Amino acid sequence: MERYDPQQIEPKWQQVWEEAKAWETPNPPPGEAPENHWYQLEMLPYPSGTLHMGHVLNYTMGDVVTHFRRRNGFTVLRPMGFDSFGLPAENAAIKEGGHPREITERNSAAIRVQMRRLGWAIDWTREISAHEVDFYRWTQWLFLQFFERGLAYRAGAPVNWCPNDQTVVANEYVVDGRCDRCGTQVEARIMDQWFFKITAYADELLEYDLPEWGEWPERTKTIQRNWIGRSEGAEILFRIDELDEDVPVFTTRPDTLFGATFFVLAPEHPLVARIPRDEVQDYAKQTAARRGEDRAAETVKTGVFTGMYVTNPVNGEQLPIWVADYVLMEYGTGTIMAVPAHDERDREFAETFSLPIREVIDEENGVVVDSGDFTGLPVDEAKRKIVEWLHEQGRGAPAVSYRLRDWSFSRQRYWGCPIPIIHCEEHGLVPVPEEELPVELPEVEDYRPKGVPPLASNEAWLNVPCPICGKPAKREADTMDTFVDSSWYYLRYVDPRNDHAPFDRRVVDFWCPISQYIGGIDHATGHLLYSRFFVRVMRELGLVGFGEPFGRLFHQGWLQMGGSKMSKSKGNVTGPDELVEQYGADAVRTYILFMGPADQDMEWTETGIEGVVRFLRRLWRVVLDAAERPPTDGRPDTALARKAHQTVAKATDDIGRRFQFHTPISAVMELTNELIQAPDDPAARFAAETAVSLIQPYAPHLAEELWERLGHEQLWEEPWPQADPALLEPDTFELVIQVDGRVRDRLEVPSDLSEEELIACATSSERVKAFLDGGEIRQTIVVPRKLVNIVTK
RNA sequence: GCCGAAGUGGCGGAAUUGGCAGACGCGCCGGACUCAAAAUCCGGUGGCCCUCGGGCCGUGUGGGUUCGAUUCCCACCUUCGGCACCA
């Protein structure tokens, strides 16, 4: 019999699909929109190298969904592109030498070859790359829409500076105080930088405006919720007479206001500069130099008394003002009212400096005490009443504070989208007029990072007249964070060659939100949050008619090597090329999904791929054998036929509803094993066709070849098999008989027996009788088609 | 500290609504074919005991609910993830 030879059949079918334009999905003409449509997307790759097995897992999963939906009557959009701007690609270029464009394009080309070799069903006519002018002119256009509405602004603010990458890094991509890209400790710097006003959408982003079919993992929502960090409380004004200032304080515990015994300013607070005491100024200078993490790691709290006092608005008490670095300028108002009795940090500080501690909450009864007119009120009511009272006095109001900071998106690097702004001495920040877009990324002599934007070195590009007054002005030389590109790339896929708009509103509203987005959870507070922010703004701008970019979201687990995540930056990657060469794409695709649940982290190991290869070979042989038998008439009702129907039901439910990809493979293995045991079964051919049809999303080349040998064509267009409910249940089943919950016998019985008949079967079993031992039967439980439990105790 | 997820054979894992724990695969053991090997095929494979009929134990630990719990409830342990001097 002919051997299974993937190296021969895989290129053959890839060519067939290409010539048939099998995976191309043109936009439907207006008014002819198909009812069932599906936008399948996986996070796009950085072309900073080539694909590793983590990508293979990600895209194969998307591929299985694509085939499954196509064959279930959906019109499926499944595009691909490259996140080609940004640090990963640029750093790769620096390492290898040469221009970032050459290297990213070379990597993109290599990835394209890998993707084709793996046989993924991708519509390449929609390919986009972030670094191509056709794409980034619309990134610039979108930036201008944000800028004009004050949602993109330039300001001096504390930012994270990565000394290795020589650029500002967003909070979202600083992990444990280190740059997520290179692992270097970032420094806090105050710099003039560009920000997107994502904080204005903090409340909106806490709400998921999903379509009725939408579904986000709870843990991802939790991560975003923690990141946004909404706290409800009040802002209360404290008077400093000496400075003639009313200082606002944010607190979540206005109910403890009577327990305040001192007051603290962050060392960076603007008022600190106005305190005429050398030790205060020295302290502020010292702490400013230290990073937040170091400050948090201190075992003993530090601080200095200012000699000044504030008035507690609730009782007129004079509270001493301290400056201490446990109060952070970035959160709330940079000041706190200290209640050492009911706040651990305040208590620690009070104990260190021997400040008074005054209890105002009776924890046992949950009421406030020693709090003037509010004494005796339950905590929640006291919070409300105290704020109400303060409001009447003009000394406070309910307030909300967030952990979320604005998104800093300007980078002092070369390989990114230029920011279309011109700095004019007279007119300030002037947007480049829309008709002058794109602002093309200029060539520079040396793009390596030196702390100043490389674009500034090209003076011919840099110096331009102000669009308003025509006087000499300079272009913005920072470039955009690559996460700006990825915040909207998925919208461009729907209309990728549009040259008068980023996309057509009707087309984008037809395809979006994305039916299924697949990618790593590491982007929960970055890319996924930024994209939601972008879509919210774009809806306000009337560009799109939906509020969420991603309807369903799924996170694949990480592949690990030696216990740590497989990633290019760690250097512990392994690619698919050698495996594909040795075993074929179908084996690699099937194996990566067979390894385990796709949403769990898995240690990468090649032991085991042999098992999948053996399965594919077994399938090959048994199907060729079945193909030689004459087709059977009608629908034979045999145990094998029923197994085939059960397998259809399981695979359909697992892929479609449960989003579980490894168990359908097991199910087809079981079917194949049974087919091998019963080659002469009248349903053998039916079982063979079913197995081939079900394995097609995983092993499309093998399946197509076998389908052809079974006398059919174009399995990729063949409707997904349907399980016949009448044939799902076997006509007999193994009745489990328990006595007092323990299995004592099993009998093969007809499926259509009544409860009474089942009990009769059970009690007539000799083995069961032995356990009953003539004793009293107190109760009998019957689970139809499963078991009988006889209770004697 | 707060929030969230998860603990099942030697290994990856299955058990979907409370109903046979260990499907499927890896590995391992034995056998067939072979001069030999590879490939392939057949059988076995949670632990302990056994008179070979079978019995007992067993899904992180301890309790509970139930005729029946990997599944539900309570407490705890461990691992992983998010947040964290966030007022």
Side-chain angles (χ1 to χ4, degrees), chain A residues 3 175 217-231 233 249-253 256 264 266 292-293 295-298 301 324-328 330-339 342-346 348-349 401-404 521-522 524-525 555 558 591 594-597 599-603 605-612 614-615 617-618 621 650 653-654 657-658 660 662-673 676 733-746 767 770 777-793:
Chain A
R3 232 179 84 245
V175 178
E218 229 20 77
R219 59 179 176 143
T220 316
K221 290 185 180 175
T222 303
I223 291 171
Q224 292 197 341
R225 200 180 314 119
N226 287 345
W227 184 258
I228 293 169
R230 183 182 206 272
S231 302
V249 169
F250 176 76
T251 178
T252 55
R253 299 295 305 275
T256 62
V264 188
E293 283 77 35
R295 278 155 67 160
E298 276 165 358
K301 295 220 176 327
D325 65 4
Y326 81 93
V327 174
L328 309 174
E330 310 90 76
Y331 186 78
T333 58
T335 56
I336 61 157
M337 58 173 221
V339 185
H342 305 293
D343 182 283
E344 216 178 299
R345 298 148 300 175
D346 294 346
E348 237 178 87
F349 191 84
S401 195
Y402 301 91
R403 214 199 66 94
L404 182 70
I521 196 168
D522 48 323
T525 59
H555 299 297
W558 279 90
Y591 176 59
F594 184 65
M595 278 184 73
D599 58 352
Q600 265 174 45
D601 292 355
M602 290 181 287
E603 179 70 20
T605 156
E606 285 175 26
T607 58
I609 193 168
E610 297 273 7
V612 166
R614 277 198 277 271
F615 158 63
R617 283 195 203 122
R618 271 203 318 274
R621 279 197 310 271
K650 170 145 185 74
D653 189 49
D654 282 354
R657 181 180 63 86
R658 299 176 73 204
Q660 186 167 290
H662 61 311
T663 42
I665 301 171
S666 301
V668 177
M669 284 174 171
E670 284 183 52
L671 176 60
T672 305
N673 291 346
I676 288 169
F733 73 98
E734 194 178 54
L735 176 69
V736 172
I737 304 162
Q738 298 180 334
V739 177
D740 297 326
R742 288 172 176 276
V743 179
R744 293 307 182 187
D745 202 3
R746 300 154 205 260
R767 304 178 46 174
I777 296 175
R778 300 178 55 120
Q779 195 185 351
T780 310
I781 283 126
V782 180
V783 181
R785 290 171 190 275
K786 287 226 163 72
L787 61 75
V788 170
N789 187 14
I790 300 166
V791 186
T792 64
K793 295 184 257 202

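Just so we're on the same page: letters track the sequence lines, and every chain starts at 1. Since the structure is predicted, the reported quantities are computational estimates derived from the model, not experimental observations.
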Is A/Arg657 side chain donor-acceptor paired with the B/U16 base, going by distance under 3.5 Å alone? yes
Donor/acceptor link under 3.5 angstrom from A/Asn226 side chain onto base of B/C83: no
Can you see if the side chain of [X] gets near the phosphate of [N] - specifically, an N or O under 4.0 Å from OP1 or OP2?
X: A/Ser231; N: B/A87; answer: yes
X: A/Arg230; N: B/C3; answer: no
X: A/Arg621; N: B/C41; answer: yes
X: A/Gln600; N: B/G13; answer: yes

Judged by whether its glycosidic angle lies within 90° of 0, B/G68 is anti
Would B/G53 be called syn or anti, given that syn covers angles within 90° of 0? syn
Winner on side-chain proximity to A/Thr251, out of B/G13, B/U40, B/A87, is B/A87
Pair pattern of RNA chain B in dot-bracket, where unpaired bases get dots and | marks partners in another strand, Watson-Crick or G-U under 3.5 angstrom: (((((((..(((......[....)))((((((.......))))))((((....))))..(((((..]....))))))))))))....
B/C11 and B/C28, which share atom name C1', separated by this distance in whole Å: 11 Å
Using the C1' atom as the reference point in each nucleotide, state the distance between B/G7 and B/U70 in Å, no decimals. 11 Å
Verify, without hydrogens or angle tests, whether A/Gln779 (side chain) and A/Ile790 (backbone) share a donor-acceptor contact under 3.5 angstrom. no
Just checking, A/Lys301 and A/Tyr326: is the charged tip under 6.0 Å from the six-membered ring centre and within 45° of the axis? yes
Partner set under side chain to side chain donor-acceptor pair (under 3.5 Å) for A/Arg403, not counting sequence neighbours: none
